[in-house]
Amino acid sequence: MRSHYCGQLNETLVDQTVTVCGWVHRRRDHGGVIFLDMRDRDGIAQFVVDPDTADAFAHADRARSEYVLRITGRVRLRPEGTQNANMPTGMIEVLAKDVEVLNAAITPPFMLDEHGKVGEEVRLKYRYIDLRRPDMIEKLRLRSRISHNVRAYLEGQGFLDIETPVLTRATPEGARDYLVPSRTHAGSFFALPQSPQLFKQLLMVAGFDRYYQIAKCFRDEDLRADRQPEFTQIDIEASFVDENDIMGIAETMIRQLFQEVLSAELPEFPRMTWQEAMNRFGSDKPDLRIPLELTDVDDLMQQVDFKVFSGPASANDGRVAALKVPGGAKLSRKEIDEYTKFVGIYGAKGLAWIKVNERAKGLEGLQSPIVKFMENIVEELLDRVGAEDGDIIFFGADKARIVNEAIGALRVKLGADLELYTQEWAPLWVVDFPMFETDDSGRLSPLHHPFTAPSCTPEELKADPAKALSRAYDMVLNGTELGGGSIRIHDQAMQSTVFDILGIGEEEAQEKFGFLLDALQYGAPPHGGLAFGLDRLVMLMVGAKTIREVIAFPKTQSAACLMTNAPGEVSPEQLKDLHIRLRQKVKAETAAE
């Protein structure tokens, strides 16, 4: 139906006849001559309709915003003074000789140029309108390029694209499963996969030593800006590899991706242990663009007569950390109070601080409500953090987990508020994660998942599981975890040891993971892999604030689709087929009886 897209029209087509199809972006009537700005996925072009072409003019005269038109006409240069060098099509226009209305449109809920004036709920309800915006088109176009580039790279490295099941069984992988009731097996449920983890390991056992998949994954968890109930994962697994092999493959892929899609050269990927990341930045995904670091001052605070500091400094699970902000003494008391409220979100009971106005004056040159409690160690404290005139020092004192989360988040917020970024892209690898983490009840749980291989023998793991490290690795970019993976457990003895430590008995292990445990007995090779969050990757590369901006049809933060009104109720007949009765209905029937 067309010869060109709107965005393809330029000076090389002058005096040629073209046919385009698209939507009316804007209509203007200038003294009897109608100007139509037509839009499609490639761009916008200007069309001129003269009264001399009566039929075309009549159709153009009744066209309104978002009408779907087909226009044929001759390309010509715009008159001098009306050209727009900022538009790819701004040097030309098309003199229409035929205009066909393919479909009319009612007034849209918002004009595309005014999308910022409406709430996100309206945009998501009418997502098909929102997706017409040029910036949304460009985001999804870039997403497509990223997927294509990833596939091309992995295929070139000998990886096979293999699909894994979407209907599987529920297995504990760290989040709630989405369950699907079975009609043919009354009382039984499928689960949607949180990841293809078990199946890709089985593919390694089967001998497909290089697998990849751009897979849909599902997790029924609380949502944030970078989470959705269904998300897309670039899943990679390989056999006869170690950590360096997988990390090398992944790093090369990401470097090539940024070069080809953004023309960006990523800097060196430093490697940092999990413990170092937590000590220096309070986070296992530190943003290295921000030149602020946490400094441990536990030993100094043990010497002060101030229980707010000395208590956590002396506790086994406590930490006192200082965060020096160069030039931060200019912060007002109101701003400091706002930061105090901010760290409270992470469980911090307060935010102590010292302003260094004139260090040479000793205590008189310091401004703080806490200096009086630490006169005996203040000089050593200032030396340790490298304080200079004009700096402010913030302190976190509590359980180590709370300090890390609160002061680590404060570091990131200060970096954004004070525009402290030193570079555009800051990647790194975080390695040597703990094998397990301990909850408030003292119970161990896997930091990643129970199929991650430890970096020790089964005997060493049993002897002191809390201190064991895993063979896991995360790629971090600008404070966002792009992807993570590990070398997997490939022998049954080690897998059984991990299950024992987690309190998963033999019967439970067979029930939930029997098919994997059986497979490990039939010659499983050493293997490992990594998975990237495609949505997060695209979000970073396009500079979006949430992954909802780079997913065609996302859910809200309450896991609902406003456009389709999903999730929704189903008919009693459907529930009966699935052998399900709703509790509310049961209660109502009981009350009626």
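Note that the structure is predicted; figures quoted are calculated from it, not measured.
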message: For Tyr473 and Phe433, I'd like to know if the aromatic rings sit close, meaning centre-to-centre distance below 6.0 Å.
response: no
- request: Measure up the Tyr128 and Tyr126 rings against each other and bin them: parallel (under 30°), tilted (30 to 60°), perpendicular (over 60°).
  value: perpendicular
task: Validate the cation-pi geometry between Lys413 and Phe342: distance from NZ or CZ to the six-membered ring centre under 6.0 Å, angle to the ring axis within 45°.
output: yes
message: In the structure I gave you, are the side-chain heavy atoms of Phe240 and Asp245 within less than 4.5 Å of one another anywhere?
response: no
field: Residue pair Val205 / Ala524: nearest heavy atoms and the distance that separates them
entry: CG2-CB, 3.8 Å
task: Would you check if there is a donor-acceptor pair between the side chains of Thr556 and Glu121 at a distance under 3.5 Å?
output: no
query: Can a donor-acceptor pair be found between the side chains of Asn149 and Glu260 at a distance below 3.5 Å?
result: yes
- prompt: Above 12 or not: heavy atoms from other molecules or residues under 6.0 Å from NE2 of His579?
  reply: yes
message: For Tyr421 and Asp287, which I'm curious about, is there any donor-acceptor pair between the side chains at under 3.5 Å?
response: no
query: So among Thr252, Leu257, Ile254, which one has a side chain to side chain contact (heavy atoms under 4.5 Å, CB included) with Tyr153?
result: Thr252
task: Assess whether atom CD of Gln521 is packed by more than 12 heavy atoms of other residues, nucleotides or ligands within 6.0 Å.
output: yes
- line: Of all heavy-atom pairs linking Glu481 and Lys285, the shortest is N-CD, 3.9 Å
message: Taking the six-membered ring for Trp, are Phe231 and Phe218 closer than 6.0 Å centroid to centroid?
response: no
query: Can we say Asp220 and Arg176 salt-bridge, meaning some charged N sits less than 4.0 Å from an Asp/Glu carboxylate O?
result: no
message: With a 4.0 Å cut-off on N to O distance, would you call Lys555 and Glu230 a salt bridge?
response: yes
- prompt: Between the main-chain N or O of Val476 and the side-chain N or O of Thr480, is there a donor-acceptor pair closer than 3.5 Å?
  reply: no
- request: Using a strict cut-off of less than 4.0 Å between a Lys/Arg side-chain nitrogen and an Asp/Glu carboxylate oxygen, indicate whether Glu508 and Lys512 qualify as a salt bridge.
  value: yes
- prompt: Heavy-atom distance under 4.5 Å between the side chains of Leu420 and Pro291, does that happen here?
  reply: yes
Donor-acceptor contact present, side-chain Arg210 to main-chain Gln157, <3.5 Å: yes
Lys/Arg N to Asp/Glu carboxylate O, Arg319 vs Asp398, below 4.0 Å: no
- prompt: At their closest point, which heavy atom of Val241 faces which heavy atom of Gly528, and how far apart are they?
  reply: CG2-N, 4.0 Å
message: Any salt bridge linking Lys462 with Glu459? Criterion: basic side-chain nitrogen under 4.0 Å from a carboxylate oxygen.
response: no
- prompt: Do Phe451 and Leu198 have side-chain heavy atoms sitting under 4.5 Å apart?
  reply: yes
statement: Nearest heavy-atom approach of Ala406 to Val343 is O-CG1, 3.8 Å
query: Does the side chain of Asn279 come under 3.5 Å of the side chain of Gln275 through a donor N or O and an acceptor N or O?
result: yes
- request: Could you tell me whether the side chain of Asn404 and the main chain of Ala400 form a donor-acceptor pair under 3.5 Å?
  value: yes
message: Assess whether a salt bridge exists between Asp42 and Arg141, defined as any Lys/Arg side-chain N lying under 4.0 Å from an Asp/Glu carboxylate O.
response: yes
message: Atom CZ of residue position Arg271 - does it have more than 12 heavy atoms of other residues, nucleotides or ligands inside 6.0 Å?
response: yes
- prompt: Is a salt bridge present between Arg255 and Glu265, judged by a nitrogen-to-oxygen distance below 4.0 Å?
  reply: no
salt_bridge(Asp177, Arg219) N-O dist < 4.0 Å: no
field: Ion pair Arg280/Glu276, N-O distance below 4.0 Å
entry: yes
- prompt: Do Met253 and Val150 have side-chain heavy atoms sitting under 4.5 Å apart?
  reply: yes
message: Tell me whether Glu549 is salt-bridged to Lys545, with the criterion being a basic N under 4.0 Å from an acidic carboxylate O.
response: no
query: Tell me, do Thr232 and Cys217 make a side-chain contact under 4.5 Å, heavy atoms counted?
result: no
Test item: Glu243 side-chain N/O and Ser486 main-chain N/O as donor-acceptor pair under 3.5 Å: no
